[in-house]
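Encoded as structure tokens, the structure appears first; notes follow it.
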Amino acid sequence: TAEPRNTDSFDFSRYHTISEIYSFQDMLVAENPNLVSKIVIGQSYEGRPLNVLKFSTGGTNRPAIWIDTGIHSREWVTQASGTWFAKKIVTDYGRDPAITAILNKMDIFLEMVTNPDGYYYTHNSNRMWRKTRKPNSGSSCVGVDPNRNWDAGFGAPGASDNPCSETYRGPSVHSESEVKSIVDFVKSHSNFKAFVSIHSYSQMLMYPYGYTKTPCKDQTELHNLAKKAITDLASLYGTSYTYGSIINTIYQASGNTIDWTYDQGIKYSYTFELRDTGRYGFILPADQIIPNAKETWLALMAIMDHTSKNIY
Amino acid sequence: KETFEGHQVLRIVAKDETQLSLIKNLEDMVEFELDFWRGVTDVSTPVDVRVPFHSLQSVKIHLESRDIEYSIMIEDLQVMLDEEQQEMESAAR
């Protein structure tokens, strides 16, 4: 395939392989050395680097925002949106007052392919793969649901203990290197103020908790901010979202990412389910990638703007 | 490479909580080898499930015998996947 020579010629309106996305990351860093750097926070089970782009205008260990896409590998519109977010940040910094103000105060960390083994597998073996690719001892079934492997209500209802299930929680908390790497990074950084984990395709914006009906202590603020975010999102194409706590909006989900991040004290912890507004599900046509990314960006900006104006 | 010829994705709409719990029970029917794309949430939100070709008839009979409404969201998943692959390759070219 014709490899783009720079990120301006990268085609954001089509789905890309993992090597194309990793090349894009290196090009973006090379083109924006004063704003973007790449941190490898660990390795996947099959030995792929877990790449995180850091967008920073200086300072040391500034308060930070985390965004991840692709933790469920078949949800292709999320990795594609993450790639578009990265370009949007470098394009708008210095031009758009809002993102400029955020970056003059905070760092943004973006992991586009959070489950690289699964993503590679969806391109080469099984388009419908969701989980990681680590074998499960004693079972012929492979992989753990990386959004059930976190130390927050692990083992409670809302995940499966069956290795063959799509929601298999794994043998123990943080047993997947893709999860453990983020856990270690977040703990060592210790100054994250917002954490956003992105899925598709139920069109929802959710905050903790997923494993319990007990409301989180910041429920009112998180609910109001979610409402604002999805109102901004809908302003572009009218895409309607529902919002609320995970357990009240989608279903009980234990051991999920943002329950753990919230319990670490990261108040603005959210998870998105991006669109399908039609009947394509995970096979969303590529021409919907950019509209998806653009509307989602409006919601992300609402969350990041609020975070930067309410650093705690 | 895993292929999905004849696999359909059904969009199931529950009329009430009773039907919703019947749909939820499908999750435990491992013999159907179902893949829930969008799980059971509430009555107002449809459930999308990929059904392998070999269990299509059984699943449809199971739903119809309980008067649970469904529509075919994706007629043949492999056809869509082939189109997706072709689009990627032609765009890359």
Side-chain angles (χ1 to χ4, degrees), chain A residues 1-4 10-17 19-20 72 74-77 80 121-131 141 158 160 162 164-167 199-204 206 240 242 244 246-253 273 276 278-287 289, chain B residues 1-5 7-14 17 20-21 23-24 26-53 70-93:
Chain A
T1 59
E3 287 280 336
F10 187 89
D11 185 351
F12 295 92
S13 66
R14 79 176 174 86
Y15 292 110
H16 289 271
T17 63
S19 62
E20 289 170 344
H72 285 152
R74 64 185 177 185
E75 298 167 13
W76 277 15
V77 73
Y121 200 70
T122 59
H123 281 262
N124 294 279
S125 300
N126 181 345
R127 172 66 178 82
M128 290 293 101
W129 194 259
R130 160 187 167 100
K131 302 190 285 183
C141 293
S160 169
N162 174 358
C164 298
S165 165
E166 292 289 2
T167 56
H199 297 249
S200 76
Y201 61 87
S202 300
Q203 290 171 209
M204 299 173 174
M206 297 171 280
S240 63
T242 55
I246 295 170
I247 199 166
N248 288 335
T249 307
I250 194 166
Y251 36 62
Q252 186 173 25
E273 283 271 353
D276 178 18
R279 298 171 68 89
Y280 299 101
F282 298 125
I283 322 300
L284 197 70
D287 59 12
I289 294 172
Chain B
K1 191 161 188 181
E2 184 110 12
T3 59
F4 302 90
E5 284 81 4
H7 289 220
Q8 292 189 336
V9 178
L10 304 183
R11 175 157 284 178
I12 307 171
V13 179
E17 291 295 336
L20 203 63
S21 68
I23 298 167
K24 183 83 178 158
L26 275 177
E27 288 178 4
D28 299 324
M29 296 179 182
V30 290
E31 68 276 20
F32 288 152
E33 293 181 25
L34 300 178
D35 171 18
F36 280 84
W37 281 21
R38 191 156 62 177
V40 169
T41 52
D42 54 41
V43 170
S44 63
T45 309
V47 174
D48 297 340
V49 59
R50 174 174 62 89
V51 182
F53 178 72
Y70 67 88
S71 60
I72 299 173
M73 175 177 151
I74 295 177
E75 193 75 35
D76 187 313
L77 180 57
Q78 191 57 44
V79 168
M80 269 187 91
L81 293 179
D82 292 343
E83 286 168 4
E84 182 181 66
Q85 196 58 36
Q86 279 154 25
E87 189 188 344
M88 278 181 74
E89 286 162 7
S90 63
R93 271 194 302 278

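Protein chains get the first letters and strands the later ones, always in sequence-line order, with residue 1 at the start of each.
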- Item | Max heavy-atom pair count under 4.5 Å with chain B, selected residue of Trp129(A), Tyr121(A), Tyr251(A) |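 Counting heavy-atom pairs under 4.5 Å, the top option is Tyr251(A).
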- Query: Which bit of Phe4(B) is near chain A, if near means a heavy-atom gap under 4.5 Å: side chain, backbone, both or neither?
  - Reply: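 Looking at Phe4(B), just its side chain touches chain A.
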- Message: Is Leu34(B) close to chain A through its backbone or its side chain, or both, or neither, when contacts mean heavy atoms under 4.5 Å?
- Response: neither
Can you measure from [atom1] ([X]) to [atom2] ([Y]) and round to the nearest 0.5 angstrom?
X         : Y         : atom1 : atom2 : value
Arg14(A)  : Glu84(B)  : CZ    : CD    : 12.0 Å
Asp48(B)  : Asp276(A) : CG    : CG    : 8.5 Å
Ile283(A) : Glu83(B)  : CD1   : CD    : 10.5 Å

- Query: Between Phe282(A) and Trp37(B), how do the two ring planes meet: parallel, tilted or perpendicular, split at 30° and 60°?
  - Reply: tilted
Nearest atoms (heavy-atom pairs only) where [X] meets [Y]:
X         : Y         : answer
Thr41(B)  : Ile250(A) : CG2-O, 2.8 Å
His123(A) : Lys1(B)   : O-NZ, 3.4 Å
Gly281(A) : Met73(B)  : N-CE, 3.4 Å

- Message: Determine whether Glu2(B) and Met128(A) satisfy the following criterion, side-chain contact (heavy atoms from CB on, under 4.5 Å), listing intermediate values before the conclusion.
- Response: CA-CA 9 Å; Glu2(B) 184 110 12; Met128(A) 290 293 101; over 6 Å; no
Relative to chain B, which segment of [X] carries a heavy atom at a distance below 4.5 Å: side chain, backbone, both, or neither?
X         : answer
Tyr280(A) : both
Ser165(A) : neither
Asn124(A) : backbone

[Y] side chain reached by [X] side chain, heavy atoms, under 4.5 Å:
X        : Y         : value
Leu77(B) : Arg127(A) : no
Tyr15(A) : Glu87(B)  : no
Arg11(B) : Arg279(A) : yes

- Task: Could you walk me through whether Arg74(A) and Asp35(B) pass the salt bridge (Lys or Arg N to Asp or Glu O under 4.0 Å) test, one step at a time?
- Result: CA-CA 12 Å; Arg74(A) 64 185 177 185; Asp35(B) 171 18; 2.7 Å; yes
- Carboxylate-amine/guanidinium contact Glu273(A) Arg38(B), below 4.0 Å: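 Salt bridge flag = no for Arg38(B) with Glu273(A).
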- Which residue out of Val9(B), Thr3(B), Val40(B), Val30(B) racks up the most heavy-atom pairs below 4.5 Å with chain A? Val40(B)
- Message: Heavy-atom count check: over 12 atoms from other residues, nucleotides or ligands less than 6.0 Å from Phe32(B) CZ?
- Response: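 For Phe32(B), atom CZ is crowded (more than 12 foreign heavy atoms under 6.0 Å).
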